[in-house]
Number of protein chains: 4
Amino acid sequence: MNAVGQEPKASRTQTALRGALLALLEEKPFEQVTVRDITARANVGYATFFRRYPDKEALLHDVAAREIGQLLAMTLPILFTVDSRASTQALCAYLWEHRKLWSALLTGGAAATLKHEFVRLAQEQAAMSRRQHAWLPGDLGVVFSVSATVEILAWWLSQAEPPSVVEMAEILDRLVVTPSLATKPPV
Amino acid sequence: MNAVGQEPKASRTQTALRGALLALLEEKPFEQVTVRDITARANVGYATFFRRYPDKEALLHDVAAREIGQLLAMTLPILFTVDSRASTQALCAYLWEHRKLWSALLTGGAAATLKHEFVRLAQEQAAMSRRQHAWLPGDLGVVFSVSATVEILAWWLSQAEPPSVVEMAEILDRLVVTPSLATKPPV
Amino acid sequence: MNAVGQEPKASRTQTALRGALLALLEEKPFEQVTVRDITARANVGYATFFRRYPDKEALLHDVAAREIGQLLAMTLPILFTVDSRASTQALCAYLWEHRKLWSALLTGGAAATLKHEFVRLAQEQAAMSRRQHAWLPGDLGVVFSVSATVEILAWWLSQAEPPSVVEMAEILDRLVVTPSLATKPPV
Amino acid sequence: MNAVGQEPKASRTQTALRGALLALLEEKPFEQVTVRDITARANVGYATFFRRYPDKEALLHDVAAREIGQLLAMTLPILFTVDSRASTQALCAYLWEHRKLWSALLTGGAAATLKHEFVRLAQEQAAMSRRQHAWLPGDLGVVFSVSATVEILAWWLSQAEPPSVVEMAEILDRLVVTPSLATKPPV
DNA sequence: CTCTAATCGAGACGGTACGTCGCGTCTTACG
DNA sequence: CGTAAGACGCGACGTACCGTCTCGATTAGAG
């Protein structure tokens, strides 16, 4: 029976903060985004920020986790699917659609946090359906896959004349997916 | 050629600053190292710092370039050598020797700069002896190789029970070298 | 007339707030007492405070007026009594009994408000039975008497080895009462 | 050889801060003066304030001590002079000249600090030339004299139609000087 | 005895000032 | 001269408290 805000106020604040950060990240790199910027954009009191998050970093973590959450549904299956090429294409297509946002997330000061969060979530997922290789420690596999993928995609999104989705999917497949799945040296 | 200790004073200051930064990086992450820390450790006036470097970042770049310089002589040939396995082993062995330093460089806030500098230098090198693949844009190849290598090595140095040099060399070879050299899909 | 504990709830809240402030004033100076302290101590909701008083100051005024009310019955007659010495002794004795409370009231940030309220009430009283001296404007007389008295008593209550009630009465008499009553220069 | 500022910069900052506070005190009560107000008025960086003074209060203390310093040369001799009336007149005259400043100092939130500083300085002075009365502890004498004087003068400066300097001098003399000097009860 | 309205607790919120910290510039004094 | 020492302007940070507000639970009085 929430006629006005349709949502408990407390969480509206958080939503506003996350939205503000996302908006600002498309304007300038994370390190240059000030807490005041965020609260101003979110129409929220400065001090209120610290009631929700201890840090600017903490908000970024939250934002990252959520954005990655959506992406991860497409990213992780890649490594365990029969048709890996289809998966990488889906991933690239998704990224391309949200090009601007992800460009911001994977570039500048936010990238490190993003990647870290990415790895963390990927580790969790991987813990369940683990395919162990003798030569490749499980978590290194995850670290490599995620890092390389992120790096490749970051490169992609920052190009003036970027390759097509299909081309990137092939590159991803050959540079990341195939190597991490290989069970024995390719001679 | 100056005798030891008699090199021009200006460069002695720079040496001291670089040394101080390296020492501090082994104590705390780069973002937490302040210019005052550095100058204090280097026994150099605070203002003097800014006569040598515009920035804390600039010093890091300098330090990074030098440390990488040594490493790069071993890293780059890997991709263009006949016996890649030997090269990766050499790389890992070198890193292992200077484990503490590189652990600091590849972890924390310095990592981004380090990797960036790494890529920059690698691009330069690669510009000369370019092996173009149709499916892999040249600079993406470099970005991927370097990033993945750095990430894998960073993982290695941060492990409690790290794999041996030989094992890491094999991993590197299979995850990074082989894929970037492949000319056609591995079927 | 309500039995104890059955008085109207609204005024029970006020009583609790006044009590809480008095208690807190014995622990720390007024400026360091926060509204949250008070409401917590009074077992009253934070917002409720502002339903009763516009201000922290307003509560202090209320508290002050009441405490002074009791005291004033003894303070004011001093100046208009035949046996002033007896009156000053009564005043000092009363203060001594409630030493701890008045020590808190007359020291620290509350003192100014206290004195102000004191003067205000004294002015009211004095307006009725005014003895005008040519050389001493009426309200200055009040200001002087009250301020000096307060100051002297504050000094007394803060001493490690305070003079006796009788001694203080004499001092008060000679420093405050006699001079303000004098009608002509004492030669 | 200070061509420009004619004064070491460090002390110029302090001077500017003191000046700014004095100026602001004539515009609004001390509690409403913000550190930012002060630094803005003094053309000084905000943080610089805290390099000089730990507190807004500390600056007030400094200002107070200096202003009182000048005044005290006239205030203290009053009690130990043969011709006390001349001294009180000098005091009142001085105050009247700097009416606006002292009005600000003796009114509002600054008053407490002012009086405290006043007493402190007076105690120091009094420690040297102590005339002990049996009935009046030395420091109470000082506290009373100073407090009463301050209070009387504060009243004076806040009047719409203030008495003349001569009248105030007489009042001061009869209310403060004579009583504190008396050696035996005036019968 | 119920139902509506006032009142309360709890505490989130916008806002203002605080005091701290680090950067990069600038001044001063010294060797 | 050039350097050490460090003051300074700047601007973000995170904290504290204020006074306003919303919200749900409690309670009182009207029906």
Side-chain angles (χ1 to χ4, degrees), chain A residues 1-2 4-5 8-14 16 31-40 42-57, chain B residues 9-10 13 31-40 42-58, chain C residues 8-10 12-13 31-40 42-58, chain D residues 1-5 7-14 16 31-40 42-56 58:
Chain A
M1 218 181 294
N2 246 329
V4 184
K9 183 168 186 182
S11 84
R12 243 183 305 136
T13 297
Q14 281 205 2
E31 331 88 49
Q32 289 176 30
V33 174
T34 232
V35 175
R36 285 212 133 81
D37 288 341
I38 299 172
T39 55
N43 277 323
V44 147
Y46 177 70
T48 301
F49 180 92
F50 298 97
R51 290 185 190 112
R52 296 290 153 199
Y53 299 100
D55 238 19
K56 209 176 44 168
E57 280 287 327
Chain B
K9 186 169 184 181
T13 298
E31 331 88 49
Q32 289 176 30
V33 174
T34 126
V35 175
R36 287 211 132 83
D37 288 341
I38 299 171
T39 54
N43 279 323
V44 147
Y46 176 71
T48 303
F49 180 93
F50 298 96
R51 269 177 226 117
R52 300 289 155 210
Y53 297 100
D55 238 19
K56 206 175 50 167
E57 279 287 325
Chain C
K9 185 170 186 182
R12 244 183 302 133
T13 298
E31 330 89 50
Q32 290 176 29
V33 175
T34 103
V35 175
R36 289 210 130 84
D37 288 341
I38 300 171
T39 55
N43 278 324
V44 148
Y46 176 69
T48 303
F49 180 92
F50 298 97
R51 286 182 197 114
R52 299 290 153 210
Y53 298 99
D55 237 21
K56 205 176 50 168
E57 280 287 326
Chain D
M1 216 180 296
N2 246 329
V4 184
E7 195 183 357
K9 182 167 187 181
S11 82
R12 243 184 304 138
T13 297
Q14 279 205 3
E31 331 89 49
Q32 290 176 29
V33 174
T34 192
V35 174
R36 285 213 130 82
D37 288 342
I38 300 172
T39 54
N43 278 323
V44 146
Y46 177 71
T48 302
F49 180 92
F50 299 98
R51 290 187 189 111
R52 295 290 151 201
Y53 299 99
D55 239 18
K56 208 175 47 168

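All chains are named by letter (A, B, ...) in the order of the sequence lines, taking the proteins before the strands, and each is independently numbered beginning at 1. Side-chain atoms are counted along with the backbone in the values below, which use heavy atoms only and exclude waters and symmetry mates.
- Proximity of B:Thr13 to the phosphate of F:dT3: no side-chain N or O atom is located under 4.0 Å from OP1 or OP2.
- Only A:Tyr46, A:Ala47, A:Phe50, A:Arg51, listed by number, bring a heavy atom of residues 43-51 of chain A to less than 4.0 angstrom from any atom of DNA chain F.
- A 4.5 Å side-chain heavy-atom check between A:Gln32 and A:Asp37 finds every atom pair outside the cut-off.
- Nearest to the side chain of A:Thr34, among F:dT3, F:dA12, E:dA17, sits F:dA12.
- You'll find that the side chain of D:Arg52 is closest to F:dC8, out of F:dC8, E:dG24, E:dT7.
- Applying the side chain to side chain contact (heavy atoms under 4.5 Å, CB included) test to D:Glu31 and every residue at least two apart in sequence or in another chain returns D:Pro29.
- Note: CD1 (B:Ile38) to C1' (E:dC23) measures 12 Å, nearest angstrom.
- Across the protein-nucleic acid pair, A:Gln32 atom CD and F:dG11 atom C1' stand 14 Å apart, rounded to whole Å.
- Scored by the side chain to side chain donor-acceptor pair (under 3.5 Å) test, C:Glu57 finds C:Thr113 as partners (sequence neighbours excluded).
- Taking atom CG of residue B:Asp37 and atom P of nucleotide E:dG24, one finds them 14 Å apart after rounding to whole Å.
- Rounded to an integer number of Å, the gap from CD of D:Glu31 to C1' of E:dT16 is 16 Å.
- Residues satisfying the side chain to side chain contact (heavy atoms under 4.5 Å, CB included) test with D:Ala16, not counting sequence neighbours, are D:Ala42.
- With sequence neighbours excluded, the residues satisfying side chain to side chain donor-acceptor pair (under 3.5 Å) with D:Thr48 are D:Arg51.
- In this structure, the CZ atom of C:Arg36 is 9 Å from the C1' atom of E:dA12, given to the nearest Å.
- Atoms CZ (D:Arg12) and C1' (E:dT27) sit 10 Å apart, rounded to a whole Å.
- Residues passing the side chain to side chain contact (heavy atoms under 4.5 Å, CB included) test with B:Tyr53 are B:Gln14, B:Leu17, B:Arg18, B:Phe49, B:Ala58, B:Leu59, B:Asp62, sequence neighbours excluded.
- Take the nearest nucleotide of DNA chain F for A:Val35 and for C:Val35: the residue whose nucleotide is more 5' is A:Val35.
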